[in-house]
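For reference, the structure discussed in these notes is given below.
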Amino acid sequence: MPFLTRVLLIGAAASALGIAHSWVIQTGDRPVLIDVELKSEGTVIDPSLWDAGERDSDPTGEKEAGGVDLPLEEMPDAGEAGVVLGLEISAAEAKLIFDAFPDAQFLDARLPSEYDEAHVQGAFYLTPDMLTSVDASPVMEFLNPEAPTIIYCVGGDCEASHNVAQYLQEFYGFTTLHIMMDGFPAWEEAGYPVGIGADLREAFQS
């Protein structure tokens with residue numbers, strides 16, 4: 001094979017690998033959406049949890065089961081069997097899961113500096129590029145693939161949370177995933193419980 005032909009083939013192969021790599025990992029603040037079909041079994045919320053006569057506030061900001069403190073107009077419609085929250089949910093619906101399920105897992109897919117400044121109380125730091133490297137290993141050993149798992153980034157056109165969800169489903173067998181579409185800004189603006197600092201992020205990073 002002529003030398004020039006070999007050079008061109010090698011160059012084409014390298015370009016293809018580069019494109020594929022950028023397609024599946026987070027690229028700065030504007031990650032692309034990987035091409036994996038994403039499904040979720042959903043989370044069923046008992047409607048009694050947000051009955052107007054039973055809800056109470058949580059002034060301490062501690063995570064407790066029951067007593068969901070949300071305005072009535074933000075409550076999802078529910079029948080006797082409860083409401084099933086699908087893949088894409090709001091911050092208000094994420095708060096329902098936060099209060100109703102002590103084992104619920106929140107995953108922050110933003111930049112490290114954004115996580116350190118403020119994050120959902122108890123949230124782990126996990127990004128798409130971490131899931132393609134050994135950095136995710138300590139976190140994955142702790143998470144439960146069967147527990148309700150809510151992933152968020154900055155909201156809007158950020159695809160990092162979708163990418164994390166797709167990796168968790170495709171390669172780690174997670175069954176109940178939710179993406180908080182309006183992102184952490186909506187959670188913080190609503191006054192829901194937040195954590196501050198890098199302790200939890202650094203504890204699960206090698």
Side-chain angles (χ1 to χ4, degrees), residues 36-51 54-56 58 61-70 74-110 115 118-128 130-131 136 138-155 158-188 190-195 200-201 204:
V36 178
E37 185 177 4
L38 184 60
K39 298 179 181 178
S40 176
E41 294 180 357
T43 297
V44 180
I45 306 291
D46 184 344
S48 67
L49 290 173
W50 63 87
D51 181 81
E54 297 184 14
R55 287 184 296 114
D56 55 345
D58 181 20
E62 294 296 325
K63 181 176 179 179
E64 298 178 356
V68 181
D69 183 23
L70 291 178
E74 294 186 9
M75 296 297 175
D77 294 331
E80 293 182 1
V83 63
V84 178
L85 300 183
L87 176 64
E88 296 182 340
I89 63 175
S90 67
E93 291 170 328
K95 180 62 161 57
L96 287 174
I97 299 176
F98 181 94
D99 285 337
F101 296 90
D103 63 339
Q105 304 165 144
F106 281 73
L107 306 179
D108 192 312
R110 299 176 298 157
Y115 176 93
H119 50 264
V120 172
Q121 181 179 295
F124 294 95
Y125 182 70
L126 188 64
T127 63
M130 286 172 63
L131 285 166
V139 180
M140 299 311 302
E141 291 175 4
F142 183 82
L143 298 179
N144 177 6
E146 298 180 358
T149 303
I150 299 88
I151 311 154
Y152 64 89
C153 50
V154 298
C158 176
E159 297 289 1
S161 52
H162 285 80
N163 288 350
V164 168
Q166 290 172 323
Y167 276 121
L168 291 179
Q169 176 185 268
E170 185 76 3
F171 302 111
Y172 294 93
F174 278 65
T175 57
T176 310
L177 296 165
H178 304 282
I179 297 168
M180 190 165 70
M181 293 297 293
D182 36 7
F184 180 74
W187 179 277
E188 187 175 39
Y192 300 151
V194 301
L200 192 56
R201 174 177 64 81
F204 291 92

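Fair warning: this is a prediction, and the values are worked out from it, not measured in the lab.
No side-chain donor-acceptor contact under 3.5 Å links Y167 to the backbone of M130. Although no hydrogens or angles enter the test, the distance criterion places no donor-acceptor pair under 3.5 Å between the side chain of E141 and the main chain of P138. Q105 places a side-chain N or O within donor-acceptor distance of the main-chain N or O of N144, the cut-off being under 3.5 Å.
Between L168 and L126 the shortest side-chain heavy-atom distance falls below 4.5 Å. Side-chain contact check for M181 versus S161: every heavy-atom pair is 4.5 Å or farther apart. Looking only at side-chain heavy atoms (C-beta outward), L143 and T149 stay at 4.5 Å or farther from each other. Between Y125 and H119 there is no side-chain heavy-atom pair separated by less than 4.5 Å. When side chains are defined from C-beta on, M140 counts as touching L131, because their heavy atoms get closer than 4.5 Å. Using a 4.5 Å cut-off on side-chain heavy atoms (C-beta onward), T175 and P145 make no contact.
Heavy atoms only, all atoms of each residue included: A165 and L177 are closest at O-CD1, 3.3 Å. Listed here is the closest heavy atom pair of R110 and A118: NH2-O, 2.5 Å. N163 and P128 make their closest contact through CB-CG, 3.7 Å (heavy atoms, listed as atom of the first residue, atom of the second, distance). For the residue pair A104 and I97, the shortest heavy atom distance occurs at CB-CG2, 3.8 Å. Heavy atoms only, all atoms of each residue included: F184 and V120 are closest at CE1-N, 3.4 Å. Residues A109 and A160 share a closest heavy-atom pair of O-CB, 3.6 Å.
With sequence neighbours excluded, the residues forming a side chain to side chain contact (heavy atoms under 4.5 Å, CB included) with A190 are Y192, listed by chain and number. Partners of E88 according to the side-chain hydrogen bond (donor to acceptor under 3.5 Å, both in side chains) rule, which considers only residues two or more places apart in sequence or in another chain, are H162.
Atoms CD1 and CG, on I179 and L87 in that order, are 4.5 Å from each other to the nearest 0.5 Å. Distance CZ/F101 to CD1/I150: 9.0 Å, rounded to 0.5 Å. Rounded to the nearest 0.5 angstrom, H178 NE2 and L85 CG are separated by 6.0 Å.
Between F98 and F106, the angle of the ring planes goes over 60°, which puts this pair in the perpendicular group of the 30/60° scheme.
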Residues D108, Y152; criterion side-chain contact (heavy atoms from CB on, under 4.5 Å); working and verdict:
CA-CA 5 Å; D108 192 312; Y152 64 89; 2.7 Å; yes
Would you please test D182 and M180 for side-chain contact (heavy atoms from CB on, under 4.5 Å) and show each step?
CA-CA 6 Å; D182 36 7; M180 190 165 70; 3.6 Å; yes
side-chain contact (heavy atoms from CB on, under 4.5 Å) between F171 and Q166, worked out
CA-CA 8 Å; F171 302 111; Q166 290 172 323; over 6 Å; no
